[in-house]
Amino acid sequence: MATRARIGLLVWLALLIGRSGQAQQPGPNVLDWKAPTTLTTYLLQQLHAQYAPRAAELDRAVQSAASALAYRDSVRARFRRVLGPLPARTPLRAQVTGRLQRSGFQIEKIIYESTPHHHVTANLYVPAGKGKKPGVLLFCGHEQESKATVLYQKTAILLAQHGFEALVINPISQGERMQLTDVAGKLLARGGTTKHTLLNADATLLGQTTPGEEFWDNARRLDYLFTRPEVDTARLGCLGNSGGATQTAYFMALEPRMKVAALCRYVASGEKNLELTGPADGCVQLLGAGRDRLDIADWPIMFAPKPLLILAGRYDFVDYTQIEAAMAETRRIYRALGKPG
């Protein structure tokens, strides 16, 4: 019996070793071992070929003010097409649900409907004192807490302390507007970038975009600011950081009521960005932007010749030389329009 047991154990071990060896054997190599590099190189070649005409277009655009305006209007029309359809304006049904009194200003808690039954939560920082006050839209980045993020609260407070009426909202799937949850409310995806990428994939199936939905939420919050009698609607600006800078860029590009803007750590779908880091999140990677030769500088160019401030960190994860190159292209259009950069 002992001998049979030993033989059985040896047979079992032999079978196990055999199966393990088979599992470790590489599968059939149907593509050359350089296939991943080859595919990337091919796609980059297609990318560069797609963008190749843009440099010549920009060179022609800076020859005169008229050609600069024509280029600006052309990229603006292309961006509008890429952004996707926007809904009709419907009643905001805005409500002030609470007020927090602070030294020199107060915070109003606001809810409005950008489309019917689609609620947007916001905070309005109102400076003390009488008279008209300039209005500011503060755009949040991808932080989970959104408008409750300490940095954004400090920024809004600083604006209010200097006499600006600042309105900040929670973007879709951030703050109090979480999407992609289970029945208990637990998040099924991490971070705003991942959630916006997944939401944008869904929107694309409907011929829409998540950036377009964000744009509309922002357009309606500007509409709300116009309902405030204390706001000087002739003096309106917007600013944002990181993903908030992307939203700012998209908004200022198409919203004629904006007078000044500031972008910090601005990220966009550009040729060099795709070459260095590959595709970014769903807010940045607009379907069709490459086909329409929209590069990183085109969003600031769409705002020309209005006052614009671009900020960047030299050692940030956003490539600093890429930002410098975008600023250089933007300056060319501004100078063609008689505005020193």
Quick one, [X] and [Y] - any side-chain contact, counting heavy atoms below 4.5 Å?
{"X": "Phe226", "Y": "Leu236", "result": "yes"}
{"X": "Leu263", "Y": "Leu308", "result": "yes"}
{"X": "Glu214", "Y": "Cys283", "result": "yes"}
{"X": "Ile110", "Y": "Gln95", "result": "no"}
{"X": "Asp298", "Y": "Arg54", "result": "yes"}
{"X": "Val260", "Y": "Arg235", "result": "no"}

Using the rule that two of Ile, Leu, Val, Met, Phe, Trp, Tyr join whenever any of their side-chain heavy atoms come within less than 4.5 Å, decide whether [X] and [Y] are in one cluster.
{"X": "Val120", "Y": "Leu138", "answer": "no"}
{"X": "Ile296", "Y": "Met327", "answer": "yes"}
{"X": "Val96", "Y": "Leu225", "answer": "yes"}

Ring pair (Phe, Tyr, Trp, His ring centres under 6.0 Å) filter on Phe215, not counting sequence neighbours, yields Phe251
May I ask you to decide if Asp59's main-chain N or O and Gln63's side chain share a donor-acceptor pair within less than 3.5 Å?
-> yes
Verify, without hydrogens or angle tests, whether Ser74 (side chain) and Ala70 (backbone) share a donor-acceptor contact under 3.5 angstrom.
-> no
Should the heavy atoms of other residues, nucleotides or ligands under 6.0 Å from NE2 of His48 be counted, would the total exceed 12?
-> yes
Salt-bridge present ([X], [Y]; N to O < 4.0 Å):
{"X": "Glu113", "Y": "Arg220", "value": "no"}
{"X": "Arg228", "Y": "Glu108", "value": "yes"}
{"X": "Arg257", "Y": "Asp223", "value": "yes"}

Leu254 vs Phe79, side-chain contact (heavy atoms from CB on, under 4.5 Å): CA-CA, chis, key distance, verdict = CA-CA 9 Å; Leu254 296 181; Phe79 171 49; 3.7 Å; yes
Yes or no on side-chain contact (heavy atoms from CB on, under 4.5 Å) for Leu86 and Arg80, after CA distance, side-chain angles and deciding distance?
-> CA-CA 10 Å; Leu86 297 175; Arg80 179 64 191 86; 3.4 Å; yes
Check the side chains of Asp281 and Thr193 for a donor-acceptor pair under 3.5 angstrom, ignoring hydrogens and angles.
-> no
Which residue pairs pass the side-chain hydrogen bond (donor to acceptor under 3.5 Å, both in side chains) test when at least one of the two sits in residues 124-145, sequence neighbours left out?
-> His142-His196, Glu143-Tyr152, Gln144-Lys195
By side-chain contact (heavy atoms from CB on, under 4.5 Å), which residues pair with Leu337, not counting sequence neighbours?
-> Ala65, Ala68, Leu69, Ala304, Pro305, Ile333
Compute both the distance and the angle, then confirm whether Arg76 meets the cation-pi test with Tyr71: under 6.0 Å from the six-membered ring centre, within 45 degrees of the axis.
-> no
Flag this pair as yes if the NZ/CZ of Arg99 is under 6.0 angstrom from the six-membered ring centre of Phe105 and inside a 45 degree cone about the axis; otherwise no.
-> no
In a check of side chain to side chain contact (heavy atoms under 4.5 Å, CB included) between Leu286 and each of Val82, Thr210, Leu294, which one passes?
-> Val82
Measure up the Tyr112 and Tyr224 rings against each other and bin them: parallel (under 30°), tilted (30 to 60°), perpendicular (over 60°).
-> parallel
Working for side-chain contact (heavy atoms from CB on, under 4.5 Å), residues Val136 and Leu167 | CA-CA 6 Å; Val136 177; Leu167 182 57; over 6 Å; no
Show your reasoning for whether salt bridge (Lys or Arg N to Asp or Glu O under 4.0 Å) applies to Glu176 and Lys109.
-> CA-CA 12 Å; Glu176 299 156 311; Lys109 302 177 182 180; over 6 Å; no
Salt bridge (Lys or Arg N to Asp or Glu O under 4.0 Å) assessment of Asp217 paired with Arg177 = CA-CA 12 Å; Asp217 286 348; Arg177 304 179 64 202; 3.1 Å; yes
